[in-house]
Amino acid sequence: MLQRCIVGVKMATDFQRRVWEALRRIPRGRVTTYGEIARYLGTGAVRAVGTAVGKNPDAPAVPCHRVVRGDGTIGQYSGGEGVPTKIALLHAEGVRVAKGRVVAFEERLWHYPSQSTTSPSGS
DNA sequence: CCAATGACTAATC
DNA sequence: CGATTAGCCATTG
């Protein structure tokens with residue numbers, strides 16, 4: 001049973017799994033940027049993040065459509081009708097998009113939780 | 001291992 | 001604001 005997991009199966013890299021997991025952390029009605037994900041992963045591989053998101057096999061089960069570019073523009077999307085579908089999904093979650101750009105982008109922008117400064121066992 | 005690619009970003013024209 | 005160049009890192013052939 002487990003044998004088939006180690007042969008003849010396209011396996012994603014750990015990097016991609018971390019990216020997809022980061023996508024699941026995005027709350028509904030919010031958006032994030034590739035740069036934020038890269039920072040969350042602790043790397044500057046914005047390009048690699050975008051590629052990993054595009055290879056997301058569980059789309060749109062994973063909110064990959066909540067990821068936009070750093071300047072608030074929609075960016076790209078692979079699936080359905082492409083970018084139009086990405087915008088449609090965002091609208092379905094309450095995120096307004098105009099001229100291929102997220103309305104009130106910085107207000108809708110989601111930031112990943114940072115380590116609590118009130119941590120009792122802080123270093 | 002090397003070369004090419006990509007759902008990006010920033011700077012310049 | 002649109003087009004171009006260069007830098008970036010992981011994936012893929």
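To find a chain, count down the sequence lines: A is the first, B the second, and so on, and within it residues start at 1.
B:dA7 atom P lies 15 Å from atom CG of A:L23, rounded to whole Å. In this structure, A:E36 atom CD and B:dC8 atom C1' are separated by 14 Å, rounded to whole Å. When rounded to the nearest whole Å, the span between CD1 of A:I37 and C1' of B:dT9 equals 14 Å. For the pair A:L89 CG and B:dA7 C1', the interatomic distance rounds to 14 Å; values are reported in whole Å. Rounded to whole Å, the distance from CZ on A:R69 to C1' on B:dA11 is 14 Å. Regarding A:Y34, its OH atom lies at a distance of 14 Å from the P atom of B:dA10, rounded to whole Å. Taking atom OH on A:Y77 and atom C1' on B:dG6, their separation rounds to 18 Å, with Å as the unit. The distance from atom CG of A:N56 to atom C1' of C:dA10 is 17 Å, rounded to the nearest whole Å.
For A:A45, taking side-chain heavy atoms from C-beta onward, the closest of the listed nucleotides B:dA7, C:dA10, C:dT11 is C:dA10. Closest to the side chain of A:T13, from the set B:dT9, C:dT12, B:dA7, is C:dT12. Comparing B:dA7, B:dC8, C:dC9 by their nearest atom to the side chain of A:V53 picks out B:dA7. Among the nucleotides C:dG7, B:dT9, C:dT12, the one closest to any side-chain atom of A:Q16 is C:dT12. When the nucleotides B:dT9, C:dT12, C:dA10 are ranked by their closest atom to the side chain of A:K55, C:dT12 comes out on top.
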Going through the checks in order, is the side-chain contact (heavy atoms from CB on, under 4.5 Å) test met by A:N56 and A:V19?
CA-CA 9 Å; A:N56 172 8; A:V19 173; over 6 Å; no
Evaluate the side-chain contact (heavy atoms from CB on, under 4.5 Å) criterion for residues A:F15 and A:L41: first the C-alpha distance (whole Å), next the side-chain angles of each, then the deciding distance (0.1 Å), finally the verdict.
CA-CA 8 Å; A:F15 185 81; A:L41 297 179; 4.1 Å; yes
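Separation of atoms CZ (A:R101) and CZ (A:R96) is listed at 15.0 Å; rounding is to 0.5 Å.
Backbone-only contact: A:F15 has heavy atoms under 4.0 Å from sugar-phosphate atoms and none from a base.
For the pair A:T51 and A:D71, both in contact range of DNA chain B, the more 5′-proximal nearest nucleotide belongs to A:T51.
The cluster map of Ile, Leu, Val, Met, Phe, Trp and Tyr, joined by side-chain heavy atoms under 4.5 Å apart, puts A:I26 and A:V95 in different clusters.
The aromatic rings of A:H65 and A:Y77 sit perpendicular to each other, their planes meeting at more than 60°, with 30° as the lower class boundary.
On a pure distance criterion of 3.5 Å, a polar donor-acceptor pair joins the side chain of A:R47 and the base of B:dC8.
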